Engineer: 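Okay, handing you the structure first.
Note that the structure is predicted; figures quoted are calculated from it, not measured. The residues of the chain are indexed from 1 along the displayed sequence. Side chains included, hydrogens not; waters and symmetry mates left out as well; all remaining heavy atoms used.
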Amino acid sequence: MPTPEGRDGLAAPGPEQPQLTAGGDAVVQEREGPMSKGELKRPQSVLVVVCTRQGEFLLMQRTRPKGFWQSVTGSLDPGETPRLAAAREVFEETGIRAGGGLIDLHQSVLFPIIPAWRRRYALNVCFNREYWFALVLDSRRHVRLSQREHLTSRWLSAPEAVELTGSWTNRDAIQRVACVLDPMGGCGTTGQGGRSIRRTSRVIDSRFRRALSKT
């Protein structure tokens, strides 16, 4: 897939880290001219939480911004559905073919696009909608990284992954998936804005459990 300047799917940082996800990308974008109409990004992206049934979560370290870790992410191509984009991004970023194992979490989040990146989008587009998916594997798989986008990868427990990722949407998604894999110990207490992960994810949990039982 293209380099991070072309399609990155990065969520806006949480209030506790306003500078982290801007990093070098913001500087690069300030130096670039306006994008042509054919190059404009869609303000829609996917987040795919890749994990094992044993509760190990895959995170990858991006080449930029420095020190930024996240799950599989990326913007939708023209005419592409969220599900197709999720499967494509998983293969492009990890070399894993999702096949029928991709689970739609029926959850999306709207977040503001960092001002330095807005010239990538059509005029007056200020928000991006991120659609959540999960890919639950029976065991760890070999990960084939795209060297243009990622430096390394790690399989982590849910608490470790939540602590490491730089995106608040990624943290919430990991915690919600962990709630289903380990209802007793995997649930975090709060999500963005102090909402209870256990309370707000009941609908996601029931759909996710049904889908997981079929894989």
Engineer: Is the backbone N or O of Gln44 less than 3.5 Å from a side-chain atom of Asn128, with the two atoms forming a donor-acceptor pair by type?
Structural biologist: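 Here the side-chain-to-backbone pair exists.
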Engineer: If we only count heavy atoms from C-beta on, is the Ile113 to Tyr121 side-chain gap below 4.5 Å?
Structural biologist: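 Ile113 reaches Tyr121 side chain to side chain.
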Engineer: With distance as the sole test, does Thr52 use its side chain to make a donor-acceptor pair with the main-chain N or O of Leu137 at under 3.5 Å?
Structural biologist: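 Not a single qualifying donor-acceptor pair exists.
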Engineer: Hey, is the main chain of Ser45 close enough, under 3.5 Å, to the side chain of Ser75 for a donor-acceptor pair?
Structural biologist: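 No, because the side chain of Ser75 does not come within donor-acceptor range (under 3.5 Å) of the backbone of Ser45.
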Engineer: For Glu80, does its backbone N or O pair with a side-chain atom of Arg42 as donor and acceptor, under 3.5 Å?
Structural biologist: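 At least one qualifying donor-acceptor pair exists.
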Engineer: What pair of heavy atoms forms the shortest contact from Ser153 to Leu145, and how long is it?
Structural biologist: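 So the minimum-distance heavy-atom pair works out to N-CD1, 3.9 Å.
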Engineer: Can you name the nearest heavy-atom pair linking Leu102 to Leu135, along with the distance?
Structural biologist: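 The pair with the smallest heavy-atom distance is N-CD1, 4.0 Å.
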Engineer: Cation-pi between Arg144 and Phe91: NZ/CZ under 6.0 Å from ring centre and within 45° of the ring axis?
Structural biologist: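 Yes, a cation-pi geometry holds between Arg144 and Phe91.
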Engineer: Give a yes/no verdict on a cation-pi contact between Arg120 and Trp117, requiring under 6.0 Å between NZ or CZ and the six-membered ring centre and an angle within 45° of the axis.
Structural biologist: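 Yes, Arg120 and Trp117 form such a contact.
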Engineer: Looking at every non-hydrogen atom in both residues, tell me the closest pair between Thr169 and Trp132 and how far apart they are.
Structural biologist: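 Shortest heavy-atom separation between Thr169 and Trp132 comes out as O-CZ2, 3.5 Å.
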Engineer: Please confirm whether the backbone N or O of Arg64 pairs with a side-chain atom of Arg62, one donor and one acceptor, at under 3.5 Å?
Structural biologist: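 Yes, the answer is positive, given that a donor and an acceptor are paired below the 3.5 Å cut-off.
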Engineer: Give a yes or no on whether Gln54 atom CD has more than 12 heavy-atom contacts from other residues, nucleotides or ligands under 6.0 Å away.
Structural biologist: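 More than 12 within 6.0 Å, yes.
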Engineer: Using side-chain heavy atoms (C-beta onward) and a distance below 4.5 Å, is Asp138 in contact with Arg53?
Structural biologist: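 Heavy-atom side-chain distance check passes, below 4.5 Å.
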Engineer: Does any N or O in the side chain of Glu92 come within less than 3.5 Å of the main-chain N or O of Glu89, such that one atom is a donor and the other an acceptor?
Structural biologist: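 Not a single qualifying donor-acceptor pair exists.
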Engineer: Please name the pair of heavy atoms, one in Leu181 and one in Gly55, separated by the smallest distance, quoted to 0.1 Å.
Structural biologist: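 The answer is CD1-CA, 4.2 Å.
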Engineer: Kindly indicate, with the supporting measurements, whether the criterion side chain to side chain contact (heavy atoms under 4.5 Å, CB included) is fulfilled by Val50 and Val48.
Structural biologist: CA-CA 6 Å; Val50 180; Val48 186; 4.2 Å; yes
Engineer: Give, for atom CD of Gln70 and atom CG of Asn170, the distance between the pair rounded to the nearest 0.5 Å.
Structural biologist: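 It is 6.5 Å, given to the nearest 0.5 Å.
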Engineer: For a quick test of reading the model, state the closest non-hydrogen atom pair linking Pro43 to Val125 and the distance between them.
Structural biologist: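 Heavy atoms only, the tightest pair is CB-CG1, 3.6 Å.
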Engineer: Using only atom types and a distance under 3.5 Å, with no angle test, would you say the side chain of Glu93 pairs donor to acceptor with the backbone of Val90?
Structural biologist: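 Between the backbone of Val90 and the side chain of Glu93 there is no qualifying donor-acceptor contact (under 3.5 Å).
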Engineer: Taking Arg88 for its side chain and Arg83 for its backbone only, find out whether a donor-acceptor pair lies under 3.5 Å.
Structural biologist: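 No; judged by distance alone, with no hydrogens or angles, the pair does not exist.
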Engineer: Do the non-hydrogen side-chain atoms of Val177 and Leu105 ever get within less than 4.5 Å of each other?
Structural biologist: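 Contact flag for Val177/Leu105 side chains = yes.
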Engineer: Does Arg154 use its side chain to pair, donor to acceptor, with the backbone of Met60 at less than 3.5 Å?
Structural biologist: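 Flag not set: sc Arg154 to bb Met60 has no pair under 3.5 Å.
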Engineer: Tell me the closest heavy-atom pair linking Asp104 and His106, and the distance in Å.
Structural biologist: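 So the minimum-distance heavy-atom pair works out to OD1-N, 2.8 Å.
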